[in-house]
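Worksheet: the structure to be examined is printed underneath.
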There are 2 protein chains.
Amino acid sequence: MSEKAKRGRPKTLNKSDVVDIAMHAYWQDGPENVSLNSVVQRAGVAKPSIYREFGNEDGLTKAALAHYAECVLTKVIEILSSDASFRDRINAVARLSAEDPLHKHGCLFVKMRANQSAFGETTRALIDQMDAMALAAFEKALHDGLENGDWSGNIPVPQAAQYLHAQIGLALDMRARGEDPKDVIALALSIFKRPT
Amino acid sequence: MSEKAKRGRPKTLNKSDVVDIAMHAYWQDGPENVSLNSVVQRAGVAKPSIYREFGNEDGLTKAALAHYAECVLTKVIEILSSDASFRDRINAVARLSAEDPLHKHGCLFVKMRANQSAFGETTRALIDQMDAMALAAFEKALHDGLENGDWSGNIPVPQAAQYLHAQIGLALDMRARGEDPKDVIALALSIFKRPT
DNA sequence: ATAATTAATTACCACATGGTATAAAATGTC
DNA sequence: GACATTTTATACCATGTGGTAATTAATTAT
C-alpha cells in the first residue's frame, strides 16, 4: 500500500514484471516446456529472489495463472455478463477465442487444466476455482437469455452451460494445436439457433 | 519370421510385453508423467535392453502408440467403416469414447497429440499419420451416409468430418479429466439429426 | 561510524532424466 | 575346451530440475 522507505537494501526485482514474463512464457510455450530455471533466465533475475517472492514453483505458477485471470479471463466474463443479447454474447466470446490473435497460442487456463497433475496444490485449487467461475458465467448468460426471451431454452441450463464451456475450451485447444476452430465452433453453436 | 536357434545368449526380454506395459503406463498416467526409467522399472527389464530394442525414447513412445493404434484405434475405424447406418455408426463411436470403460482414462492418441512437442520425430510423425487416418475414416462414414441416404448432408463433408473428429476428441479429453462427456457429446451430435 | 536489516549474487545440493560403457553370463560353432 | 557371439546386469555419465546456504552489497537506524 504505502511506499514508506524500508530498511534494508532496496529491491531491484519488479514482482509484477516477473509474473507477466512467467505468464507469457507459460502461455506461449506451454507450461510443460517452461521450467522455473528458464523463467529465472527470461526475467533476468536471481533464483533466490523468485523464491523469496513466490515461495516455490507452485507459488509462481499460481501467480502467473492469477495474472492471466485478471488479464484475459475477466474479459470473457465481462462479455458474458454484458447487456447485449444472448446471441451477441456467445458470438463475441466465440470470436474472441476462435479468431482473436490474443489467443493465437490458445489459452493458458485450458493448457494448465489439461495437466493439473503437473502443478502444486495452490495452483490446482486456482484452476478449479477458475473453472467454476467460467461455468457460472455461462450459466448466468443462459439465464439472462431465458429472462430476456432471446434464447429458446430448448436445453436445460446446466447442460447448456457445460456444453458452451466445453466447446469454447475445445476451440482454444485447437488454436493451441495450430488448427482453425472457426468452422467447428460455428457448427457447435448452431444448436442454439433453432429448437431441437 | 523363422525361429532358428541363434548364436548368443538367449533373450529373456519379450518386446511385445514391454510395449504393452509402456502403452498402458502412458495411457493411464499420461505420457508426461511416465519416464523411460519408470517404464524400465515397471517392465522389470534392464535399461540397455530397452535401448537395444527401441533405439531411444522416441522409438519406445512410437512403438507404444503404434500398439495403441492396433489395439483400440482400429476398432473405431472398423465401426466407422461398418455397413450399419450412419446414425448407428456415429452413435457407436460416441458411446465407445464417451461411456466405454476402455476409455476410462481417455485416449492415448489424444493425450499425445495434445503434447506433440514433448516427443521425438518419429512419434510426432505417427501422431500426424493417425490423425489423418481418423479424419479420413470420419469422411468416409459421411460419404457413405450421403450415398445410402441416411444422412441429410446438410453440412459439407470436410467440415462435418473435422467437427466429428474434434467432438470425439473433446469427449475423450473430458474423460481423461474425470468429467462425464455424455451430455456434451449428445448435444454436439444433435446437429446431424435435423436439417439446419 | 557502527550496527541492523534487507536484497542480490554466487555457488552449491540432492535427485531424476535420457543415454552408455563395460563386464559378466549364456548360448552355438569349431 | 577355446572362441565368437549375443544378451543381460551393474555401474556410470552429463545435463537439467526444484530448492537452498552463504556471502556480499546497499540501505536505514542508532
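Naming convention: chains lettered A, B, ... in sequence-line order (proteins, then strands); numbering from 1 in each chain.
If you check the side chains of B/D150 and B/S85, you find no donor sitting under 3.5 Å from an acceptor. A/Q167 and B/Q167 share a side-chain donor-acceptor pair at under 3.5 Å.
Each of B/D131, B/T123, B/D128 was checked for a side-chain hydrogen bond (donor to acceptor under 3.5 Å, both in side chains) with B/Q116, and the lone residue meeting it is B/D128.
Rounded to an integer number of Å, the gap from A/N56 CG to D/dG18 P is 11 Å. The nearest whole Å value for the distance from the NZ atom in B/K47 to the P atom in C/dT20 is 11 Å. Atom CG of B/N14 is separated from atom C1' of D/dT7 by 15 Å (rounded to the nearest Å). When rounded to the nearest whole Å, the span between CD of A/E57 and P of D/dT17 equals 10 Å. Going from atom CZ of B/R7 over to atom P of D/dT7 covers 13 Å, rounded to whole Å. Remark: C1' of D/dC13 and OH of B/Y51 are 12 Å apart, rounded to the nearest angstrom. Rounded to an integer number of Å, the gap from CG of B/L60 to C1' of C/dG19 is 13 Å. In this entry the distance linking CG of A/L13 with P of C/dT9 reads 10 Å, nearest Å.
In terms of position along DNA chain C, the nucleotide closest to A/P48 lies nearer the 5' end than the nucleotide closest to the other residue of the pair A/P48 and B/L36. Between A/G55 and A/S38, the residue anchored closer to the 5' end of DNA chain D is A/S38, taking for each the nucleotide with the nearest heavy atom. Projected onto DNA chain C by closest heavy-atom contact, A/V45 and B/R9 fall at different nucleotides, the more 5' of which corresponds to A/V45.
OP1 or OP2 of D/dT17 has at least one side-chain nitrogen or oxygen of A/N37 nearer than 4.0 Å. Residue B/S49 places no side-chain N or O under 4.0 Å from the OP1 or OP2 atom of D/dT7. Taking side-chain N and O atoms only, A/S35 has no distance below 4.0 Å to OP1 or OP2 of D/dG16.
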**Message:** If you apply the rule side-chain contact (heavy atoms from CB on, under 4.5 Å), what do you find for A/F138 with A/H143, and how did you get there?
**Reply:** CA-CA 9 Å; A/F138 282 114; A/H143 275 129; over 6 Å; no

**Item:** Candidate pair B/D144 and B/R89, rule salt bridge (Lys or Arg N to Asp or Glu O under 4.0 Å), full reasoning
**Value:** CA-CA 11 Å; B/D144 290 354; B/R89 293 191 212 178; 3.1 Å; yes

